[in-house]
Student: 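Encoded as structure tokens, here's the structure I'll be asking about.
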Protein chains: 2
Amino acid sequence: MCPRHRELSPVDYEHTCRIRGDGGRTLRTILDQICNKWTLLVVATLDQGTLRFGDLHQQVPGISQRMLTLTLRNLERDGLVTRTVYAEVPPRVEYALTPVGKSLIPPALALAAWAIEHVPGIEARRADQHPSRGTP
Amino acid sequence: MCPRHRELSPVDYEHTCRIRGDGGRTLRTILDQICNKWTLLVVATLDQGTLRFGDLHQQVPGISQRMLTLTLRNLERDGLVTRTVYAEVPPRVEYALTPVGKSLIPPALALAAWAIEHVPGIEARRADQHPSRGTP
DNA sequence: CTGTATCCGTTCCGATACTG
DNA sequence: CAGTATCGGAACGGATACAG
């Protein structure tokens, strides 16, 4: 335990160090992973079950073909989704969550719940402070 | 409930829709907010209690003065932290979490716990797939 | 001590065109 | 259907210098 934390209560220490940990490196690794605007939404969408590329493209609103491909490639590389190619004409490719991928859903839910509860208030604040610039 | 979700089980529907919600807009709002590399670390650091600008600069490893200022200004604008200026020489400015800011800690913990559990495996996968650069 | 202003390279990502 | 390739604008963020 680092000296600065000696006087914190156990619960505070647990909070602080679990998040800040190794100088934030572990947390930043996952943030780098999920914070690219699309990853979490793709994972959440795949929580429904196996989906084809085209289905994902339809169900994740606003994602471009390029970003969907890149996102899925990263998720596959990290072992969060599986990619199954069927040698048919026309081609069919199916994506599904691995157990590791599924395990990301509950933390994502916690974040989503927080967002649903607090984002409206945050946006109201922003609107108050920048009356001209709102949601485009 | 949208037509595509009619046949999902209630729990699946709850999962999917709580995350994907309004086309992912609410979730993306908070992701845009916390995914800027520093916000979550600053919030986690402030979980200790009130801190001065210089303390934060020391305790968040690697953050630049500029990014700390910008991050704190955004958090203040969104009502997650308070900023208190004391008219002294030299000046003293203290930052603290608001209740809304504190409420972000538990979801952040859930994410951090996931990262601590799974990031090592993910990095091992990446290392396997990119063994070395420059092998002849 | 607590910032602001400016420069500037890097990364992100949308649009578009093309392919098996 | 399921990608890949390329371009270019925009945003991110580090370094540095300057200021109240």
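Since we're looking at a predicted model, the values are computed, not measured.
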Student: Tell me the interatomic distance from A/His57, atom NE2, to C/dG14, atom C1', rounded to whole angstroms.
Tutor: 11 Å

Student: Whole Å only: how far is the CZ atom of A/Arg92 from the P atom of D/dA2?
Tutor: 9 Å

Student: Can you figure out which of D/dG14, D/dG3, C/dA15 approaches the side chain of A/Phe53 most closely?
Tutor: D/dG3

Student: Looking at B/Arg125 and B/Glu123, does any basic side-chain N land under 4.0 Å from a carboxylate oxygen?
Tutor: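 A salt bridge is absent here (no side-chain N lies under 4.0 Å from a carboxylate O).
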
Student: Does the side chain of A/Ser64 get closer than 4.0 angstrom to OP1 or OP2 of C/dC13 through an N or O atom?
Tutor: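 Looking at the OP1 and OP2 atoms of C/dC13, neither is under 4.0 Å from any side-chain N or O of A/Ser64.
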
Student: Ignoring hydrogens, what is the shortest heavy-atom contact between A/Thr50 and A/Ala96? Give both atom names and the distance.
Tutor: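 Between these two residues, the closest heavy atoms are OG1-CB, 3.6 Å.
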
Student: Kindly point out which of C/dT2, C/dG3, D/dA2 is positioned nearest to the side chain of B/Pro91?
Tutor: C/dT2

Student: The side chain of A/Val93 lies closest to which of these nucleotides: D/dA2, D/dG14, C/dG3?
Tutor: D/dA2

Student: Could you check whether A/Tyr95 gets within reach of a base, just the sugar-phosphate, or nothing at all, counting any heavy atom under 4.0 Å?
Tutor: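 Sugar-phosphate only.
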
Student: Charged N to carboxylate O under 4.0 angstrom, A/Asp47 versus A/Lys102?
Tutor: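 Looking at A/Lys102 together with A/Asp47, the answer is no, because their closest N to O distance does not fall below 4.0 Å.
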
Student: Is A/Arg66 near enough to D/dA2 that one of its side-chain N or O atoms lies under 4.0 angstrom from OP1 or OP2?
Tutor: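 Negative; the distance criterion is not met.
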
Student: Output the rounded distance in Å from CG (A/Leu72) to P (D/dG3).
Tutor: 8 Å

Student: With heavy-atom distances below 4.5 Å as the criterion, would you say the side chains of B/Leu68 and B/Phe53 are in contact?
Tutor: yes

Student: Where the side chain of B/Lys37 is concerned, which of D/dG14, D/dA2, D/dG20 is the nearest nucleotide?
Tutor: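 Nearest to the side-chain atoms of B/Lys37, counting from C-beta on, is D/dG14.
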
Student: Out of D/dA2, D/dG14, C/dC1, which has the shortest distance to the side chain of B/Trp38?
Tutor: D/dG14

Student: Contact class for B/Arg52 vs. all strands (heavy atom < 4.0 Å): base, sugar-phosphate, or nothing?
Tutor: sugar-phosphate

Student: Starting at the 5' end of DNA chain C, which residue's closest nucleotide do you reach first, B/Thr69 or A/Leu70?
Tutor: B/Thr69

Student: So A/Leu104 and A/Leu97, do their side chains get closer than 4.5 Å, heavy atoms only?
Tutor: no

Student: What integer distance in Å separates A/Leu68:CG from C/dG14:C1'?
Tutor: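 One finds 14 Å between C1' of C/dG14 and CG of A/Leu68, rounded.
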
Student: Whole Å only: how far is the CZ atom of A/Arg73 from the C1' atom of C/dC12?
Tutor: 19 Å

Student: Just to be sure I understand the rule, does B/Gln65 reach a base, reach only the sugar-phosphate, or reach nothing, if contact means heavy atoms closer than 4.0 Å?
Tutor: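 Base: the residue B/Gln65, judged by heavy atoms under 4.0 Å, touches a nucleobase.
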
Student: Please give, in whole Å, the distance from D/dG3 P to A/Leu56 CG?
Tutor: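 Taking CG of A/Leu56 and P of D/dG3, I get 10 Å after rounding.
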
Student: Could you tell me how far apart B/Met67 (CE) and C/dA5 (P) are, to the nearest whole angstrom?
Tutor: 15 Å

Student: Provide, to the nearest angstrom, the distance between the CD1 atom belonging to A/Ile63 and the C1' atom belonging to D/dG3.
Tutor: 14 Å

